[in-house]
Amino acid sequence: MSPYRTKAALTLAAGHLVLVWLPLLGVWHAAGTAYAAVATPSQAVDRLVALLAEPAFVNDIAWTLRTVLYSTAIGAVIGAIAGISIGSNRRANQATMPTIIALAATPRVILYPALLLILGLGFWPQLAIGVLGALFPMLLVTAAAARAIPRTWRDVAAACQTNSLQLLGKILIPAILPSFTYGLRLSYSIALVNVLLAEMFNSPAGLGQRFLNATQMFAVLDVYAIVLSLLGLALIGNLLLYSIEKWARAGTAIGSATDGATAPT
Amino acid sequence: MGRLRWLEKLALPLALFMSIEIWIRIASPPELTIVPPSAWLLGAADVVTDASFASSLGTTLLEITAALLIGSLIGFGMGLIMFRYRLVNQVWQPYLLALYANPVIVLYPMAVLIFGLGPQSIIAIVVPMTVPPIAVGTVIGLSSISRTIHDLGAALRCDWRQRTFRLRLPAAAPIIFGGVNVALVYAVIGVVASEFILANAGLGFEIRTAYAEFRTQRLYALITIVIVLSGAIGLLSSTLERRIRSDLDR
């Protein structure tokens with residue numbers, strides 16, 4: 001590494017420290033010492049380590065994670081199929097996009113009480129609300145990617161007399177893969193948020209339910225330890241999926257369609 | 001032709017609506033679990049006229065407006081600083097982008113613990129959701145101004161303040177506005193979802209109460225109202241943004 005680049009990297013690292021982490025941890029620590037309702041960072045970490053040794057806590061993490069992973073998978077598959085079909089057909093795109101955009105902007109978690117009434121308490125309504133969360137970002141992102149496929153590619157495929165399987169393998173999938181992996185990351189994040197909110201509303205188990213209980217019992221240390229575990233789930237999932245996304249983007253010439261329009265619940 | 005397009009666009013929601021209606025008429029599930037969509041609309045007409053609804057709607061709108069205003073001020077300020085100092089931009093941008101699909105809302109109970117039950121907790125948790133799109137929009141808007149405008153400022157010998165307020169900001173406004181649009185959608189979702197989890201007023205709270213009291217028709221009516229309202233806001237903001245984008249490309 002050249003001395004110039006070493007210096008730039010050091011400046012950036014110092015920047016992260018001074019502009020983000022020191023103020024954040026400083027304010028948190030100060031608030032933790034001043035207010036009874038805030039635990040200090042070190043207290044939160046200590047409590048989290050203790051909680052992780054309790055089987056009941058690990059079970060709650062497993063309950064939440066299971067729902068989130070299932071709903072991400074189901075929502076991503078449905079969303080991608082719908083997105084690709086809608087995005088590759090101009091007419092279908094024009095007719096359905098307004099409704100899809102409108103629905104994507106609604107707080108879908110409010111459907112949870114209705115799902116509770118229809119599906120009963122437990123795993124199923126939570127899975128349904130997670131799927132509803134994961135579905136829309138994937139649909140919007142893959143539809144945008146399908147729209148962006150150049151007309152010429154299809155013409156070339158037609159000229160080469162490709163069958164539909166070849167069209168799928170040689171054109172559609174390579175063109176959509178980067179966006180699909182980006183959509184997967186969004187779907188995971190939003191499924192996580194939706195499932196946690198649903199668990200806070202009404203659930204037999206899970207981190208969300210434990211979190212709300214801890215708040216209502218004023219168990220400050222627990223609240224902050226659970227916050228750390230929630231952020232950990234969000235961060236680890238995002239980093240894993242981001243590495244897949246980078247791999248997919250490196251493999252194709254087109255970048256990922258980072259079309260906005262993704263709402264957090 | 002124009003009229004036909006509108007019909008096409010209404011086909012999907014109407015089909016959804018009709019299929020649920022028909023399914024309920026045929027399968028007739030217990031009335032406590034679901035009522036037909038026609039009853040949602042009748043219920044909505046009832047709900048809209050009662051007095052508690054007006055005050056709930058008022059609370060929700062107030063929280064959305066307050067969170068958006070505060071978030072805009074903070075986001076805009078951060079955007080200006082990031083535009084001025086390259087290092088700050090380099091450091092902050094990844095965090096802001098990471099916050100985009102943000103799990104911030106799930107930390108809401110923590111805000112209640114600190115600020116107590118009420119609008120202040122909801123605003124405190126929704127503001128951090130609205131900041132990232134506005135800050136990022138401001139930086140991108142300011143950085144993407146065409147070279148000509150800078151040259152114009154130099155040719156007219158504008159001072160720093162004139163360049164910022166008379167040239168750069170008006171030129172960047174459409175993209176900043178795009179960020180505000182996204183923030184508005186986030187604010188609506190954040191406020192309603194928070195009220196839904198833990199609150200003593202607002203539309204989300206009304207939905208929770210209707211569920212707890214087994215008032216099924218009112219529950220579905222309220223859900224319909226919230227979905228129509230938030231969907232309309234989302235659709236409007238995305239249409240506005242597309243218009244602005246196409247104006248910019250021209």
Side-chain angles (χ1 to χ4, degrees), chain A residues 11-12 15-16 18-20 31 35 37-38 91 94-114 116-118 137 185-186 189-190 192-193 196-197 200-201 208 211-212 214-216 218 220 223-224 227 230-231 233-235 238 260-265, chain B residues 5 8-13 16 29 32-34 87-88 90-92 95 98 100-110 112-114 129 133 178 182 185-186 188-193 196-198 203-204 207-208 210-211 216 219-220 222-223 226-227 230-235 237-239:
Chain A
T11 317
L12 193 63
H16 277 273
V18 175
L19 292 169
V20 180
Y35 299 105
V38 184
R91 187 105 186 255
Q94 275 179 348
T96 57
M97 261 309 146
T99 310
I100 292 167
I101 290 173
L103 286 178
T106 58
R108 291 181 295 285
V109 72
I110 57 161
L111 291 172
Y112 188 59
L116 280 174
L117 291 176
I118 299 166
R185 187 159 61 91
L186 291 178
S189 304
I190 293 169
L192 178 68
V193 170
L196 285 169
L197 289 175
M200 287 181 207
F201 187 84
F211 187 33
L212 197 68
T215 316
Q216 287 170 332
F218 213 75
V220 176
V223 166
Y224 281 79
V227 164
L230 295 179
L231 295 178
L233 276 187
L235 196 69
N238 260 290
T262 47
T265 71
Chain B
R5 284 240 178 94
E8 262 183 0
K9 283 174 188 170
L10 284 173
L12 180 62
L16 279 172
L32 208 59
T33 62
I34 188 166
L87 179 67
V88 181
Q90 248 178 324
V91 171
W92 278 358
Y95 296 98
Y100 240 97
N102 44 37
V104 178
I105 176 75
V106 303
L107 305 184
Y108 169 63
M110 195 173 86
V112 176
L113 198 63
I114 300 173
M129 295 171 65
V182 176
V185 170
Y186 284 9
V188 171
I189 290 178
V191 164
V192 175
F196 176 74
I197 298 306
L198 199 62
L203 289 180
I207 291 178
R208 189 188 183 98
Y211 169 77
T216 310
L219 172 69
Y220 282 94
L222 283 162
I223 292 177
V226 171
I227 286 185
S230 53
I233 291 176
L235 199 57
S237 90
S238 91
T239 313

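Just so we're on the same page: letters track the sequence lines, and every chain starts at 1.
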Inset, instruction - Can you measure from CG (A/Leu117) to CD1 (B/Ile34) and round to the nearest 0.5 angstrom? - result: 9.0 Å
Legend entry - Between A/Leu192, A/Leu103, A/Leu19, the one whose heavy-atom pairs under 4.5 Å with chain B are most numerous: A/Leu19
Legend entry - Most contacts with chain A, counted as non-hydrogen pairs under 4.5 angstrom, among B/Leu235, B/Ile233, B/Thr239: B/Leu235
Inset, instruction - Mind checking the OG1-OH spacing from A/Thr215 to B/Tyr108? Nearest 0.5 Å is all I need. - result: 10.5 Å
Legend entry - Smallest separation among heavy atoms of B/Leu107 and A/Phe211, with atom names: CA-CE2, 4.1 Å
Inset, instruction - Could you check if a side-chain atom of B/Ile207 sits within less than 4.5 angstrom of a side-chain atom of A/Pro113, using non-hydrogen atoms only? - result: yes
Legend entry - Heavy-atom proximity to chain B below 4.5 Å, by part of A/Leu233: neither
Legend entry - Over all atoms of both residues, closest heavy-atom pair of A/Ala105 and B/Ser230: O-CB, 3.9 Å
Inset, instruction - Look up atom CG in A/Leu111 and atom CD1 in B/Ile227, then write down how far apart they are to the nearest 0.5 Å. - result: 4.5 Å
Legend entry - Contact leader toward chain A among B/Pro133, B/Gly231, B/Pro109, where contacts are heavy-atom pairs under 4.5 Å: B/Pro109
Inset, instruction - Identify the residue among B/Val192, B/Leu222, B/Leu219, B/Ile189 that makes a side chain to side chain contact (heavy atoms under 4.5 Å, CB included) with A/Ile110. - result: B/Val192
Inset, instruction - Report yes if the side chains of B/Leu198 and A/Met200 come closer than 4.5 Å at any heavy-atom pair, otherwise no. - result: no
Inset, instruction - Compare all side-chain heavy atoms of A/Thr106 with those of B/Val226 and state whether any distance is below 4.5 angstrom. - result: no
Legend entry - Side chain, backbone, both or neither of A/Thr99 within contact of chain B (heavy atoms, under 4.5 Å): side chain
Legend entry - For the student: nearest non-hydrogen atoms of B/Gly234 and A/Ile101, plus distance: O-CG2, 4.3 Å
Inset, instruction - Apply ring pair (Phe, Tyr, Trp, His ring centres under 6.0 Å) to A/Tyr112 and list each qualifying residue two or more places apart in sequence or on a separate chain. - result: A/Phe201
Inset, instruction - Find the distance between CD (A/Gln94) and NZ (B/Lys9) and round it off to the nearest 0.5 Å. - result: 6.5 Å
Legend entry - Within-4.5 Å side-chain heavy-atom neighbours: A/Leu197 and B/Phe196: no
Inset, instruction - Identify, with sequence neighbours excluded, every residue that meets side chain to side chain contact (heavy atoms under 4.5 Å, CB included) alongside A/Ala31. - result: A/Tyr35, A/Val38
Legend entry - Interface residue of largest heavy-atom contact number with chain A, from B/Val191, B/Val106, B/Leu16, under 4.5 Å: B/Val106
Legend entry - Close side-chain approach of B/Val104 to A/Val193, heavy-atom, < 4.5 Å: no
Legend entry - Contact origin within A/Ala234 toward chain B - heavy atom pairs under 4.5 Å: side chain
Inset, instruction - Check A/Ala114 against B/Ile223 and note the closest heavy-atom contact, atom names and distance. - result: CB-CD1, 4.1 Å
Inset, instruction - Identify which part of A/Leu230 has an atom lying under 4.5 Å from any heavy atom of chain B, answering side chain, backbone, both or neither. - result: side chain
